[in-house]
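Have a look at the structure below before the remarks.
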There are 2 protein chains.
Amino acid sequence: MTSTLGFAILAVLARGERTGYDLAAAMRTPVGYFWTAGHSQIHAELQKLRADGLVGFEAEHGPGPQGKKVYHLTADGLAALRAWVTEPPRARPERDELVLKTYASWLAEPGLLRRLFADQLAMHEERLAGYEREEAAFGGPPPPGDPRFGNYATLWCGLGYERHRVEWCRWMLERLSSAGA
Amino acid sequence: MTSTLGFAILAVLARGERTGYDLAAAMRTPVGYFWTAGHSQIHAELQKLRADGLVGFEAEHGPGPQGKKVYHLTADGLAALRAWVTEPPRARPERDELVLKTYASWLAEPGLLRRLFADQLAMHEERLAGYEREEAAFGGPPPPGDPRFGNYATLWCGLGYERHRVEWCRWMLERLSSAGA
DNA sequence: CAAACCATGTAACCAGTTACATGATTAC
DNA sequence: GTAATCATGTAACTGGTTACATGGTTTG
């Protein structure tokens, strides 16, 4: 029973062999935009994946007390990843603290509330601008089948999400202003 | 150090006294759209909130081996909730399994992938239609300061989110169709 | 030679889920 | 009377975070 984190690791490894350290870096950027994990979790998961025969490694001489291990997908690992990709995602409960605050926002001081949403708006506008720069660097979507299609399609999702968030923050600020201080 | 779940409970209690059972129901609908918890977690959290003096309860005779406890906010609880509402939300790591699958989608069979996104599209269209019906029932936003403002504003966020998701699924399907197979 | 980076691992803790356990009240 | 609902709690487990622990390699 491979966990979602396990598949996240397999998905990175499908693009080329990596050390645990490299995987941790990938789990910050770009995979961190939709799935994250610290290095301690990654090393533990790699041991499980290895026990299940989904990854293997070559030990190399390198830094640290244990040297380094370069992990790669096995044939079984690739097959498991391929099968997982098109299966419907397990529904996870939503958890959005800003929306929860919004639910209780009728209790808040209007000035402080406007400040909260103005800050959130600025943050999402900044992220959006960053994604737009990234998108421009692509110059159009790569074809499905190209690994870069995965990067582009997730970026496109991020663009849509940030736009939605920006619009919602602006809508909130309008509502909060029109009702006076 | 009250947890976010603690504030979710306080936010519900701010609208009126409730039993743990009632709180669990609220954590399914409507709060469940942005924060969820099972009843076991809620009872445990209520004990902590009580130890911190943020809630109190009246024991009543009722069903079950322990009777029932009707919880209410204390003055401290209301103050803590008010202070929390306008503080910036703690950044949580994103975890979106569908986007992770998308990242690995270059490996997938095109037909199965189209099926995945068609199903997701149908699901989000259905949710969107439901939210639109709810929105129509409001007949415009209540003023901030009205508890119903909280409900309306979170609903508006949900509407935007579902629209974004619908658009992204459609974009994916277009990309996947134009590339043949 | 010092700091930053590369590299792997364990342990303790916290949050959240699922399963177990009990039993009164209400509606049919 | 029986089933659904109301009602509260504990225990075991899983996933994830933070802190602890070690030490080699590279760059300035």
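Any value given below was found using the heavy atoms of this structure, including those in side chains, with hydrogens, waters and symmetry copies removed. Quick note on labels: first sequence line is chain A, next is B, and so on, each numbered from 1.
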Counting primed atoms plus P, OP1 and OP2 as sugar-phosphate and everything else as base, spell out the protein contacts along nucleotides 23-28 of chain C at 4.0 Å heavy-atom distance: B, S or - for each nucleotide, 5' to 3'. BBS---
Please say yes or no: joined through hydrophobic side-chain contacts below 4.5 Å, possibly via intermediate residues, are A:Leu100 and A:Met123 part of one cluster? no
Are B:Leu128 and B:Leu155 linked, directly or through other ILVMFWY residues, by side chains that come within less than 4.5 angstrom of each other? yes
How far apart are the C-alpha atoms of B:Arg82 and B:Glu87, what are their side-chain angles, what is the distance that settles it, and do they pass the salt bridge (Lys or Arg N to Asp or Glu O under 4.0 Å) test? CA-CA 9 Å; B:Arg82 273 221 170 92; B:Glu87 252 159 60; over 6 Å; no
Indicate the ring-plane relationship of [X] and [Y], choosing parallel, tilted or perpendicular according to the 30° and 60° boundaries.
X: A:Phe138; Y: A:Tyr152; answer: perpendicular
X: A:Trp156; Y: B:Trp171; answer: parallel
X: B:Trp84; Y: B:Phe7; answer: parallel

B:Gln41 side chain near C:dT17 phosphate (N/O to OP1/OP2, under 4.0 Å): yes
N/O (side chain, B:Arg92) to phosphate O (OP1/OP2, C:dG16) under 4.0 Å: yes
Closest-nucleotide ordering on DNA chain D, the 5'-leading residue of A:Gly38 and B:Val70: B:Val70
Considering heavy-atom distances to DNA chain D, does B:Lys68 or B:Ala44 have its closest nucleotide positioned more toward the 5' end? B:Lys68
Whole-Å distance between [N] [atom2] and [X] [atom1]?
X: B:His43; N: C:dT17; atom1: NE2; atom2: P; answer: 15 Å
X: B:His39; N: C:dT22; atom1: NE2; atom2: P; answer: 14 Å
X: B:Arg95; N: C:dT17; atom1: CZ; atom2: C1'; answer: 15 Å

Rounded to 10°, tell me the angle between the two end axes of the helix from C:dC1-D:dG28 to C:dC28-D:dG1, each built from five pairs. 30°
Please say whether the positively charged group of B:Arg165, taken as NZ for Lys or CZ for Arg, lies over the ring of A:Tyr161, i.e. under 6.0 angstrom from the six-membered ring centre and within 45 degrees of the axis. no
Using a 4.5 Å cut-off on heavy atoms from C-beta on, say whether the side chain of B:Leu54 contacts that of B:Leu73. no
Any heavy-atom pair between the side chains of B:Tyr71 and B:Asp22 that's under 4.5 Å? no
Could you note down all residue pairs passing salt bridge (charged side-chain N to carboxylate O under 4.0 Å, His left out) where residues 52-78 of chain B supplies at least one of them, sequence neighbours left out? none
For residues 30-51 of chain B, run the donor-acceptor check on the side chains, cut-off 3.5 Å, and write out each pair with its distance to 0.1 Å, sequence neighbours left out.
residue	atom	partner	partner atom	Å
B:Thr36	OG1	A:Arg95	NH2	3.3
B:Glu45	OE1	B:Ser3	OG	3.4
B:Glu45	OE2	B:Ser3	OG	3.3

Would the distance check show the side chain of A:Thr74 and the main-chain N or O of A:Gly53 forming a donor-acceptor pair, the cut-off being under 3.5 Å? yes
Using a 3.5 Å distance criterion without hydrogens, assess whether the side chain of A:Arg114 forms a donor-acceptor pair with backbone atoms of A:Leu176. yes
Of the residues in residues 49-59 of chain A, which ones touch DNA chain D at a heavy-atom distance under 4.0 Å? none
Heavy-atom nearest nucleotide on DNA chain C for A:Thr19 versus B:Met1: which residue maps closer to 5'? A:Thr19
Chain A contact limits on DNA chain D, taken 5' to 3' with a cut-off of 4.0 angstrom to heavy atoms: D:dG16 to D:dT25
In sequence, state the C-alpha distance, the side-chain angles, and the governing distance for B:Arg90 and A:Glu97, and then conclude on salt bridge (Lys or Arg N to Asp or Glu O under 4.0 Å). CA-CA 8 Å; B:Arg90 286 211 307 306; A:Glu97 202 175 312; 3.8 Å; yes
Side chain of B:Lys48 - closest among C:dT8, C:dA15, C:dA11: C:dA15
